[in-house]
Amino acid sequence: MYDGDSFFTLGVAGQIGLLILSLVMAAAALGVTRLMTFHRPLILRPFIWGVLFISFIWLSPQGYYTYYRLIFDGLPAQSVIKAPPRPEELLAYMTFTGDATLSAHSVGVLGWLMLGVAMLPRRKTQRPAPPQV
């Protein structure tokens, strides 16, 4: 399914670096999602998730391009951030109906994980009993 994916054009060290970068960025996205939704009403959480997911799709290419500048000689310093994704692009990621690439499918999985994290219930903390007089 992923034959010819650009990931496989990298050497082993490049693949490992890209995997580490992707895991760090995903962990950061999940952490920010939890932080931004934890104390919010349940009804607001899908909207917050949407903003964060769109932001990840929109801005993460710059992080990957920066990594590629480290491993490929001659890439110019430039911004690769384009317009935010359109609703149909978001739907394609979330339904895995867009490009059949590791990148696109990974973004779809991350989107579902971020939504799951956004909808996690708050933990109920036990309050100590008031002192008895």
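Just so you know, these numbers come straight off a predicted model, no measurement behind them. Sequence positions, counted from 1, serve as the residue numbers for this chain.
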> Applying the 4.5 Å side-chain criterion to the ILVMFWY set and letting contacts propagate, would I16 and V24 be lumped into a single cluster?
Replying inline: yes
>> For P61 versus V80, what's the shortest heavy-atom pair and its separation?
In response: O-CG2, 3.5 Å
>> On a heavy-atom basis, which atom in L90 and which in P85 lie closest, and how many Å separate them?
In response: CD2-CG, 4.0 Å
> At what distance, to the nearest 0.5 angstrom, does CG of L44 lie from OG1 of T37?
Replying inline: 10.5 Å
>> If hydrophobic clusters are built from ILVMFWY residues whose side chains come within less than 4.5 Å, do W58 and F53 share one?
In response: no
> Are more than 12 heavy atoms from other residues, nucleotides or ligands located less than 6.0 Å from atom CZ of F38?
Replying inline: yes
>> If you define the side chain from C-beta out and look only at heavy atoms, does anything of V117 sit under 4.5 Å from W49?
In response: no
>> Side chains of L75 and Y65, heavy atoms from C-beta outward: is any pair under 4.5 Å?
In response: yes
> Roughly how far, to the nearest 0.5 Å, is the CD1 atom of I20 from the CD atom of Q15?
Replying inline: 12.0 Å
> If only atom types and distance count, is the side chain of Q62 paired as donor or acceptor with the main-chain N or O of Q78 below 3.5 Å?
Replying inline: yes
> What pairs with F7 under ring pair (Phe, Tyr, Trp, His ring centres under 6.0 Å), at least two apart in sequence or on another chain?
Replying inline: none
>> Using side-chain contact (heavy atoms from CB on, under 4.5 Å), reason through L115 and T33 one step at a time and then give a plain yes or no.
In response: CA-CA 8 Å; L115 182 59; T33 300; over 6 Å; no
>> To the closest 0.5 Å, what do you measure between OG (S22) and CG (L102)?
In response: 9.5 Å
>> Looking at every heavy atom in both L52 and M36, which two are closest together, and how far apart are they?
In response: CD1-CB, 4.1 Å
>> Taking atom CG as the centre, does L23 end up with more than 12 heavy-atom neighbours from other residues, nucleotides or ligands that are less than 6.0 angstrom away?
In response: yes
> Do R34 and V32 touch side chain to side chain, with heavy atoms closer than 4.5 Å?
Replying inline: no
> What's the spacing between D99 CG and D5 CG if we round to 0.5 Å?
Replying inline: 10.0 Å
> Side chains of T101 and S103: is there a donor and an acceptor less than 3.5 Å apart?
Replying inline: no
> Going through the distances and angles, do Y67 and F72 end up as a side-chain contact (heavy atoms from CB on, under 4.5 Å)?
Replying inline: CA-CA 9 Å; Y67 173 71; F72 296 120; over 6 Å; no
>> Using the rule given for side-chain contact (heavy atoms from CB on, under 4.5 Å), can you reason through M25 versus Y64, listing the C-alpha separation, both sets of side-chain angles and the distance that settles it, and then say yes or no?
In response: CA-CA 10 Å; M25 289 174 66; Y64 287 108; 3.8 Å; yes
> Any side-chain heavy-atom pair from L59 and F56 closer than 4.5 angstrom?
Replying inline: no
>> Using every non-hydrogen atom in the two residues, find where T95 and T97 come nearest and quote the distance to one decimal.
In response: OG1-OG1, 2.9 Å
> Shortest non-hydrogen contact from R45 to R40?
Replying inline: NE-O, 3.1 Å
>> Please report the interatomic distance CZ(R86) to CD1(I57), rounded to the nearest 0.5 Å.
In response: 12.0 Å
> Is L10 reachable from F8 through a run of I, L, V, M, F, W or Y residues, each pair having side-chain heavy atoms under 4.5 Å apart?
Replying inline: yes
> If you take all heavy atoms of F96 and H105, which pair is closest and at what distance?
Replying inline: CE2-O, 3.4 Å
>> With clusters defined by side-chain heavy atoms of hydrophobic residues (ILVMFWY) lying less than 4.5 Å apart, directly or transitively, does I48 cluster with L42?
In response: yes
> Going only through I, L, V, M, F, W and Y residues with side-chain contacts under 4.5 Å, is there a path from W112 to M119?
Replying inline: yes
> Once you round to the nearest 0.5 Å, how far does OH of Y93 lie from CD1 of I54?
Replying inline: 12.0 Å
